[in-house]
A.B. asks: 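One structure is given below, represented as structure tokens, and several questions about it will come after.
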Amino acid sequence: MKIQIPLQIAWVLMLKVVIDTSVFITALLRPTSKSSPRQILKLWSEGRFSLVMAPPLLQELTSRLIRQGVAVADIEDLLVDITAIALHIPGAYQATRLDEIDSDDNKFLAAAYEAKADYLVSVDNDLLSLKYYHGTQILTPALFLVALQKE
């Protein structure tokens, strides 16, 4: 007998991960590579963890992908996947931790806090230098893959 777990409960049981926009960009600009960002998107699409998405993150992701020249079809495919399988949060929280350094990065910290995310994955040194934020571990893509293997 196979037990079906409701999606709301599955999200509680899965690792919750916020992914910085730069990780998405790297993955989509090098779609055939075996890079850590590409592997992370693949593992997310396979259901290995739950991607946390808030409106400010989605807005930045879309605009930066367009500016970087990512193919419209690739952007649309990603947005369909995000709409269908990401853990969507309202984006009601705000963070001020990085106001003096790079206030744009605060939205990732706020999403991690709001979702009680396990990890925030980034290549941004301002975020990485924090190491932790309210219980969320901040890792590079390569270190996140190592941590995911241990889970």
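The first residue in the sequence is number 1, and the count goes up from there.
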A.B. asks: Distance check, rounded to the nearest 0.5 Å: Leu130 atom CG versus Ile138 atom CD1?
C.D. replies: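 Nearest 0.5 Å value for the CG-CD1 distance: 4.5 Å.
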A.B. asks: Could you give me the CA-CA distance, side-chain angles and deciding distance for Ile40 and Leu145, then say whether side-chain contact (heavy atoms from CB on, under 4.5 Å) is met?
C.D. replies: CA-CA 7 Å; Ile40 289 170; Leu145 289 173; 3.7 Å; yes
A.B. asks: Locate the shortest heavy-atom distance separating Val70 from Asp74; write the atom from each residue and the value.
C.D. replies: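 Minimum heavy-atom separation between Val70 and Asp74: CG1-CB, 4.0 Å.
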A.B. asks: I want to check something: taking the side chain as every heavy atom from C-beta on, are Phe24 and Leu51 in contact at a cut-off of under 4.5 Å?
C.D. replies: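 Phe24 vs Leu51: side chains touch.
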A.B. asks: Just by modelled atom types, is the Leu127 backbone N or O under 3.5 Å from a matching donor or acceptor in the Asp105 side chain?
C.D. replies: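 No; zero donor-acceptor contacts below 3.5 Å.
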A.B. asks: Nearest 0.5 Å, please: how far is OG in Ser45 from CD1 in Ile85?
C.D. replies: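 Here the rounded value is 6.5 Å.
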A.B. asks: Check whether any side-chain heavy atom of Leu28 lies under 4.5 Å from a side-chain heavy atom of Arg38, and answer yes or no.
C.D. replies: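 Leu28 reaches Arg38 side chain to side chain.
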A.B. asks: Do the non-hydrogen side-chain atoms of Val121 and Leu143 ever get within less than 4.5 Å of each other?
C.D. replies: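 No; the side chains remain at least 4.5 Å from each other.
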A.B. asks: Shortest non-hydrogen contact from Pro141 to Val123?
C.D. replies: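 What the structure gives for the nearest pair is CD-CG1, 3.7 Å.
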A.B. asks: Do you know the tightest heavy-atom contact between Ile89 and Pro55?
C.D. replies: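 Shortest heavy-atom separation between Ile89 and Pro55 comes out as O-CD, 3.3 Å.
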A.B. asks: Could you tell me the separation between the NZ atom of Lys116 and the NE2 atom of His134, rounded to the nearest 0.5 Å?
C.D. replies: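 With rounding to 0.5 Å, NZ (Lys116) is 11.5 Å from NE2 (His134).
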A.B. asks: Pair Glu46, Lys42 - check side-chain contact (heavy atoms from CB on, under 4.5 Å), show working.
C.D. replies: CA-CA 6 Å; Glu46 293 171 354; Lys42 182 178 182 296; 2.4 Å; yes
A.B. asks: So which atom in Phe108 and which in Ile19 form the shortest heavy-atom distance, rounded to 0.1 Å?
C.D. replies: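 Between these two residues, the closest heavy atoms are CE2-O, 4.0 Å.
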A.B. asks: Which atom pairs, donor and acceptor, lie under 3.5 Å between side-chain atoms of residues 75-83 and protein residues at least two apart or in another chain?
C.D. replies:
{"residue": "Thr83", "atom": "OG1", "partner": "Leu79", "partner atom": "O", "Å": "2.8"}

A.B. asks: Does some side-chain heavy atom of Tyr133 sit less than 4.5 Å from a side-chain heavy atom of Leu120?
C.D. replies: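 Not touching, per the 4.5 Å side-chain cut-off.
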A.B. asks: Any idea which heavy atoms bring Met53 and Ala86 closest together, and the distance?
C.D. replies: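 Distance-wise, the nearest heavy atoms are CB-CB, 4.2 Å.
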A.B. asks: Hydrophobic cluster membership, with links at side-chain heavy-atom distances under 4.5 Å among I/L/V/M/F/W/Y: are Leu41 and Val146 in one?
C.D. replies: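 No; Val146 is not reachable from Leu41 via cluster members.
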A.B. asks: Show the nearest heavy-atom pair for residues Ser122 and Val23, with the distance to one decimal.
C.D. replies: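 Smallest interatomic distance, heavy atoms only, reads CA-CG2, 4.0 Å.
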A.B. asks: Any donor and acceptor pair, going by atom type alone, linking the side chain of Thr62 with main-chain N or O of Gln59 inside 3.5 Å?
C.D. replies: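 No, because the side chain of Thr62 does not come within donor-acceptor range (under 3.5 Å) of the backbone of Gln59.
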A.B. asks: Counting N and O atoms only, with roles assigned by atom type, does the side chain of Lys107 sit under 3.5 Å from a partner on the main chain of Asp104, one being a donor and the other an acceptor?
C.D. replies: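 Indeed, once roles are kept as given, a pair shorter than 3.5 Å links the two residues.
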A.B. asks: Distance-only, no hydrogens or angles: does the Lys16 side chain make a donor-acceptor pair with backbone N or O of Ala115 under 3.5 Å?
C.D. replies: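 Here the side-chain-to-backbone pair exists.
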A.B. asks: Could you check if a side-chain atom of Leu148 sits within less than 4.5 angstrom of a side-chain atom of Tyr119, using non-hydrogen atoms only?
C.D. replies: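 No, their side chains stay 4.5 Å or more apart.
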A.B. asks: Could you note down all residue pairs passing side-chain hydrogen bond (donor to acceptor under 3.5 Å, both in side chains) where residues 135-150 supplies at least one of them, sequence neighbours left out?
C.D. replies: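 Matches after skipping sequence neighbours: none remain.
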A.B. asks: Just by distance, do the side chain of Glu60 and the backbone of Thr21 share a donor-acceptor pair under 3.5 Å?
C.D. replies: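 A pair under 3.5 Å: no.
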